[in-house]
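Structure first, then comments.
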2 protein chains.
Amino acid sequence: MNIGTAAKKSGLSVKTVRFYSNIGLISPDKSSDSNYRIYSNQDVEKLLFVGKARKFDFSIEECRELLSLYENKDRPSSEVKKITLKKIKEIEHRMSELDSLRTELKRVSKNCHGDQRPDCPIIGFLAEKNRN
Amino acid sequence: MNIGTAAKKSGLSVKTVRFYSNIGLISPDKSSDSNYRIYSNQDVEKLLFVGKARKFDFSIEECRELLSLYENKDRPSSEVKKITLKKIKEIEHRMSELDSLRTELKRVSKNCHGDQRPDCPIIGFLAEKNRN
DNA sequence: TCTTGACCTTCCACTTACGGGAGACTTTAT
DNA sequence: ATAAAGTCTCCCGTAAGTGGAAGGTCAAGA
């Protein structure tokens with residue numbers, strides 16, 4: 001099938017699928033006469049796989065790694081688990097960062113009247129010089 | 001003061017300070033003979049302000065807006081509050097996304113032995129075709 | 001057969017918020 | 001005087017694509 005069909009089946013955009021082809025993540029065959037990319041059902045499986053991994057915040061390089069593990073039937077599951085646990089750690093780290101931000105922003109915005117008066121503790125907070 | 005001093009005082013890198021100058025976020029005077037940027041104490045205040053806002057996940061464009069509110073003594077506090085509440089919403093949205101990711105990744109990784117055997121439910125999960 | 005329109009190709013520029021480095025110039029220190 | 005440090009502009013790179021231009025390919029209709 002052509003790239004448009006593969007894109008539709010995988011739920012990705014044509015641009016994205018072509019991008020994955022260009023970076024060698026998922027390399028379809030190419031028709032020698034028309035130069036069109038030709039996707040197999042297996043390729044579509046891989047596109048779906050990567051699409052899902054991307055949704056789960058794995059980077060392209062991580063996807064590349066996961067994909068090779070996915071293709072290698074003898075890989076030890078510990079490899080996969082390692083990547084996943086690392087990702088969980090990253091997510092939790094980012095979540096705790098965001099949590100502090102939210103807490104702080106909530107704190108300062110609670111004291112802001114949010115009316116026509118120019119007096120604003122949020123601005124004051126951002127302008128505060130804190131020694132660190 | 002020169003850019004290096006301003007950078008040190010604001011805790012930003014020279015590159016970053018120059019970047020802010022280039023995009024017109026914080027525009028110092030320029031020495032007419034040496035072409036060096038000359039930062040005032042007020043400029044440093046602005047750099048600190050922006051540095052802090054950036055840490056709190058405000059984008060450059062949001063910083064630009066906050067900065068103009070910071071400089072405009074007559075602005076209504078409602079403007080500032082609006083931007084802040086929007087940011088809080090964004091943070092909370094991202095947090096809930098990350099929370100689902102984490103939950104799902106934890107779920108699938110719990111069932112993975114993580115040993116030498118190739119059998120891996122994480123890969124299986126990523127390869128699953130879910131209809132949506 | 002010709003043409004139209006949909007699809008495909010490559011290539012380039014743009015996005016965010018900078019960081020790295022080249023090569024040239026200015027200032028400061030020895 | 002000279003060396004070192006600081007600064008300047010300019011260009012390239014990042015991640016993961018998106019958008020567009022110019023051109024090639026294919027199937028269908030007149």
Side-chain angles (χ1 to χ4, degrees), chain A residues 1-40 43-44 46-67 87 90-91 94 97 101, chain B residues 1-40 43-44 46-67 87 90-91 94 97 101:
Chain A
M1 72 194 84
N2 286 339
I3 196 170
T5 311
K8 206 160 288 170
K9 283 199 179 188
S10 62
L12 303 174
S13 77
V14 169
K15 281 279 190 183
T16 296
V17 174
R18 192 176 288 124
F19 173 69
Y20 290 166
S21 163
N22 286 336
I23 63 173
L25 182 60
I26 289 158
S27 311
D29 288 341
K30 275 208 177 187
S31 161
S32 52
D33 43 329
S34 73
N35 204 30
Y36 281 14
R37 288 173 181 80
I38 302 169
Y39 286 84
S40 67
D43 289 329
V44 173
K46 290 188 203 172
L47 287 171
L48 284 161
F49 180 91
V50 168
K52 191 155 181 180
R54 289 287 302 126
K55 270 195 196 148
F56 280 85
D57 248 36
F58 288 101
S59 71
I60 294 283
E61 286 317 307
E62 284 166 336
C63 287
R64 202 188 289 278
E65 209 170 339
L66 287 170
L67 205 50
K87 182 56 58 182
E90 281 172 28
I91 289 175
R94 183 61 183 151
E97 280 181 350
L101 294 186
Chain B
M1 70 194 83
N2 286 338
I3 196 170
T5 310
K8 205 159 291 173
K9 283 199 179 189
S10 64
L12 302 174
S13 77
V14 170
K15 279 279 189 183
T16 297
V17 175
R18 193 176 287 124
F19 174 69
Y20 290 166
S21 162
N22 286 337
I23 63 174
L25 182 60
I26 289 157
S27 311
D29 289 340
K30 276 207 175 188
S31 159
S32 51
D33 44 329
S34 73
N35 205 32
Y36 281 15
R37 289 171 181 80
I38 301 169
Y39 287 83
S40 66
D43 289 328
V44 173
K46 290 189 201 170
L47 287 171
L48 284 162
F49 181 92
V50 169
K52 191 155 183 181
R54 290 285 303 126
K55 269 196 199 147
F56 280 84
D57 249 36
F58 288 101
S59 73
I60 294 284
E61 285 318 306
E62 285 165 336
C63 287
R64 202 188 290 278
E65 208 169 341
L66 287 170
L67 204 51
K87 182 55 59 182
E90 280 172 29
I91 288 175
R94 184 60 184 153
E97 278 181 350
L101 294 186

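Letters A, B, ... mirror the listed sequences (proteins, then strands); counts begin at 1.
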Report task. Sorted by first residue and then second, give each side-chain hydrogen bond (donor to acceptor under 3.5 Å, both in side chains) pair with at least one member in residues 4-15 of chain B; sequence neighbours left out. Result -> B:Ser13-B:Thr16
Requested in this report: Output every pair passing side-chain hydrogen bond (donor to acceptor under 3.5 Å, both in side chains) with a member in residues 21-30 of chain A, not counting sequence neighbours, ordered by first then second residue.
Outcome: A:Ser21-A:Arg37, A:Asn22-A:Arg37
Taking ring pair (Phe, Tyr, Trp, His ring centres under 6.0 Å) as the test, write out the residues that go with [X], two or more places apart.
X       : value
A:Phe19 : none
B:Phe58 : none
B:Tyr36 : none

Report summary line: Axis-to-axis angle for the helix from C:dT1-D:dA30 to C:dT30-D:dA1, ends of five pairs each, to 10°, equals 30°
Query raised in the report: Reading DNA chain D 5' to 3', which nucleotide is the first, and which the last, to come under 4.0 Å of any heavy atom in chain A?
Result: D:dA16 to D:dC26
**Report entry** Per-nucleotide protein contact string for nucleotides 8-19 of chain C, where B marks a base within reach and S marks sugar-phosphate only (heavy atoms under 4.0 Å, - for neither)
**Finding:** SBB------BBS
Query raised in the report: Could you walk me through whether A:Leu101 and B:Lys55 pass the side chain to side chain contact (heavy atoms under 4.5 Å, CB included) check?
Result: CA-CA 8 Å; A:Leu101 294 186; B:Lys55 269 196 199 147; 5.9 Å; no
**Report entry** For B:Asp43, all residues meeting side-chain hydrogen bond (donor to acceptor under 3.5 Å, both in side chains), sequence neighbours excluded
**Finding:** B:Ser40
Report task. Over all heavy atoms of both residues, which pair between B:Leu25 and B:Cys63 is shortest? Give the atoms and the distance, please. Result -> CD1-C, 4.4 Å
Query raised in the report: Between B:Phe49 and B:Leu67, what is the shortest heavy-atom contact and its length?
Result: CD2-CD1, 3.5 Å
Requested in this report: Please list all pairs passing the salt bridge (Lys or Arg N to Asp or Glu O under 4.0 Å) test where one or both residues lie in residues 56-65 of chain B, with sequence neighbours left out.
Outcome: A:Arg94-B:Asp57, B:Glu61-B:Arg64, B:Glu62-B:Lys86, B:Glu62-B:Lys87
